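Both backbone and side-chain heavy atoms feed into the values below; hydrogens, waters and symmetry mates do not. First the proteins, then the strands, lettered A, B, ... as listed; each starts at 1. Source: prediction; values computed, not measured.
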Protein chains: 2
Amino acid sequence: MRGIPGVAVVRLAAYRRELADLLRREEATVSSSELASRLGVNAATVRRDLSRLGSYGLRGTGYDVAHLLARVDAALALDRDWPVAIVGVGNLGRALAGSRGFTSDGFRVVALVDVDPRVVGSRVGTTLVEHLDDLPAIVAREHVAIGIVATPASAAQHVVWRLAEAGVRSILNFAPAHLEVPEGVAVRHVDLAVELQVLAYFGAHGEARRLDRSRPRPAAAAGPR
Amino acid sequence: MRGIPGVAVVRLAAYRRELADLLRREEATVSSSELASRLGVNAATVRRDLSRLGSYGLRGTGYDVAHLLARVDAALALDRDWPVAIVGVGNLGRALAGSRGFTSDGFRVVALVDVDPRVVGSRVGTTLVEHLDDLPAIVAREHVAIGIVATPASAAQHVVWRLAEAGVRSILNFAPAHLEVPEGVAVRHVDLAVELQVLAYFGAHGEARRLDRSRPRPAAAAGPR
DNA sequence: TTATGTGAAACCGTTCACAGCT
DNA sequence: AGCTGTGAACGGTTTCACATAA
């Protein structure tokens with residue numbers, strides 16, 4: 001049962017969002033087809049995704065919203081604490097630090113890191129901006145589990161190595177660059193320029209395909225195999 | 001060429017980035033395997049992707065960097081102008097407006113839109129923030145081709161209808177919500193919370209997986225506490 | 001020899017369709 | 001009756017492997 005396909009993990013996160021909404025509305029149960037239509041996916045896909053977590057559906061009725069939400073949270077490991085460090089305190093880094101998505105469900109921005117002497121030592125909100133050289137200490141002190149790379153592309157690879165050395169094994173990269181990572185480190189990329197270019201392609205080719213940018217980005221590349 | 005698979009379009013944008021870099025370094029040619037290793041993909045995949053644009057490779061040598069870049073640009077329709085409107089001028093909207101990725105290669109932020117009276121009428125940089133109600137006029141005036149949704153989730157669907165009505169056919173959504181769109185409108189989603197949750201999953205399930213474009217990777221350690 | 005372009009195979013996620021619970 | 005869980009069919013991408021060209 002281990003080994004949920006990357007795309008399916010992305011869908012789990014989407015199901016979670018809908019489930020949280022249903023819970024808020026005090027709906028007791030949902031069917032796979034209802035979840036499916038809310039998210040624009042096939043009902044069989046929903047059932048297969050959820051069945052990977054175990055059989056928690058009730059035939060004839062659907063899924064218990066609260067229970068299923070708890071199972072999804074457990075699968076996504078959201079029942080733990082995930083301290084986040086943001087490296088690169090420019091416009092984007094600042095915006096991310098204040099973003100809703102970055103401060104909920106166990107995610108907390110616990111550190112801001114930069115190298116620019118004009119920024120290091122200042123505060124963003126209540127958080128002090130510290131120097132990249134202190135990363136090992138910061139990671140140890142705050143138990144940082146996820147690193148956000150919001151630096152220019154030219155610095156991104158260097159930052160990734162520093163993060164990896166310091167023990168961070170999950171990285172979300174906003175820099176427009178492909179990154180090499182050591183074995184055991186997971187990376188996901190969010191490249192704004194790429195998103196726009198893809199939209200340009202579809203805009204120009206008049207195809208309105210539904211293609212969500214859901215793609216996991218595995219770790220490391222390393223040597224030939 | 002018509003009908004490039006969505007994932008391949010994303011890779012084209014990545015190749016473009018590498019090609020631009022190679023051009024900057026004045027490299028005259030690249031091989032598929034060099035591009036492949038730079039991006040962590042298979043060389044055959046690179047060749048198949050590029051061959052969809054036509055046969056521009058030179059056997060025994062590789063691809064002419066400048067020529068290939070021009071072909072990729074043409075395929076992605078980057079030889080045109082793509083005026084962008086950002087709806088939702090909060091932290092994220094502001095950061096995006098000033099972002100590098102949003103102001104290059106034909107993309108220009110030509111309009112900022114919000115509904116909050118405290119924001120409408122103000123300026124971000126040199127751009128005036130206008131009211132959502134004026135969207136049809138704004139789109140017509142600026143020839144807006146791409147709309148960015150950077151509003152709260154609760155407003156996102158409404159904004160999408162407004163954008164679509166006004167004639168915008170490409171939408172990049174940053175709100176944490178699934179969006180219904182009319183036929184002929186392309187949407188891409190960037191959900192920061194989802195990205196973090198996916199990283200939490202991989203961080204927690206670090207074990208044994210294989211490296212593929214869409215799969216988790218082997219990891220050696222456990223998650224955070 | 002080196003590297004492209006591409007049939008054909010392998011691989012993998014998606015969807016169907018229905019058996020099996022409640 | 002209604003809806004889940006899943007074997008099996010399906011469809012599309014990826015990768016192999018090699019004919020082909022420089």
Name the closest nucleotide to the [X] side chain, picking from [options].
X	options	answer
B/Ala44	D/dC16, C/dT14, D/dA22	D/dC16
A/Val7	D/dT15, C/dG13, D/dT6	C/dG13
B/Arg48	D/dT6, C/dG5, C/dG7	C/dG7
A/Ser31	D/dC3, D/dA22, D/dT6	D/dC3
A/Arg47	C/dT22, C/dC18, D/dA22	C/dC18

Rounded interatomic separation in angstrom, taking CG from B/Asp49 and P from C/dT6: 13 Å
Measure the angle between the two terminal helix axes of the helix from C/dT1-D/dA22 to C/dT22-D/dA1, five base pairs each, and quote it to 10°. 10°
Results of ring-ring contact (aromatic ring centres under 6.0 Å, His included) for B/His158 - residues two or more places apart only: none
Quick one: are the ring centres of A/Tyr201 and A/His205 less than 6.0 Å apart? yes
Donor-acceptor contact below 3.5 Å, side chain A/Arg108 vs main chain A/Thr103: no
Of all pairs that satisfy salt bridge (charged side-chain N to carboxylate O under 4.0 Å, His left out), the ones with a partner from residues 157-167 of chain B, not counting sequence neighbours: B/Asp133-B/Arg162
Does B/Asp73 form a side-chain contact (heavy atoms from CB on, under 4.5 Å) with B/Asp79? I'd like the steps, not just the answer. CA-CA 6 Å; B/Asp73 275 357; B/Asp79 40 11; 5.5 Å; no
Under 4.0 Å between a side-chain N/O of [X] and OP1 or OP2 of [N], yes or no?
X	N	result
A/Ser32	D/dT4	yes
B/Ser55	C/dG5	yes
A/Arg11	C/dT14	yes
A/Thr61	C/dT22	no

Can you sort out the partners of A/Glu34 under side-chain hydrogen bond (donor to acceptor under 3.5 Å, both in side chains), two or more places apart, ordered by chain and number? none
Taking N or O atoms only and anything under 3.5 Å, show me the protein contacts with nucleotides 19-21 of chain D, one pair per line.
{"residue": "D/dT20", "atom": "O2", "partner": "B/Arg59", "partner atom": "NH1", "Å": "2.4"}

Under 4.0 Å, heavy atom to any atom of DNA chain D: which of residues 63-71 of chain A qualify? A/Tyr63
For A/Arg38, look at atom CZ and say whether over 12 heavy atoms of other residues, nucleotides or ligands are found less than 6.0 Å away. yes
So, for A/Ser170 and B/Gly203, which heavy atoms are closest and what is the spacing to 0.1 Å? OG-CA, 3.6 Å
What I want to find out is whether B/Asp21 reaches B/Arg25 closely enough, with some N-O distance under 4.0 Å, to be called a salt bridge. yes
Kindly determine whether A/Leu192 and B/Leu96 satisfy side-chain contact (heavy atoms from CB on, under 4.5 Å), including the steps that lead there. CA-CA 9 Å; A/Leu192 302 179; B/Leu96 294 176; 3.6 Å; yes
Testing B/His178, B/Arg188, B/His189 one by one against B/Asn173 for a side-chain hydrogen bond (donor to acceptor under 3.5 Å, both in side chains), which residue passes? B/His189
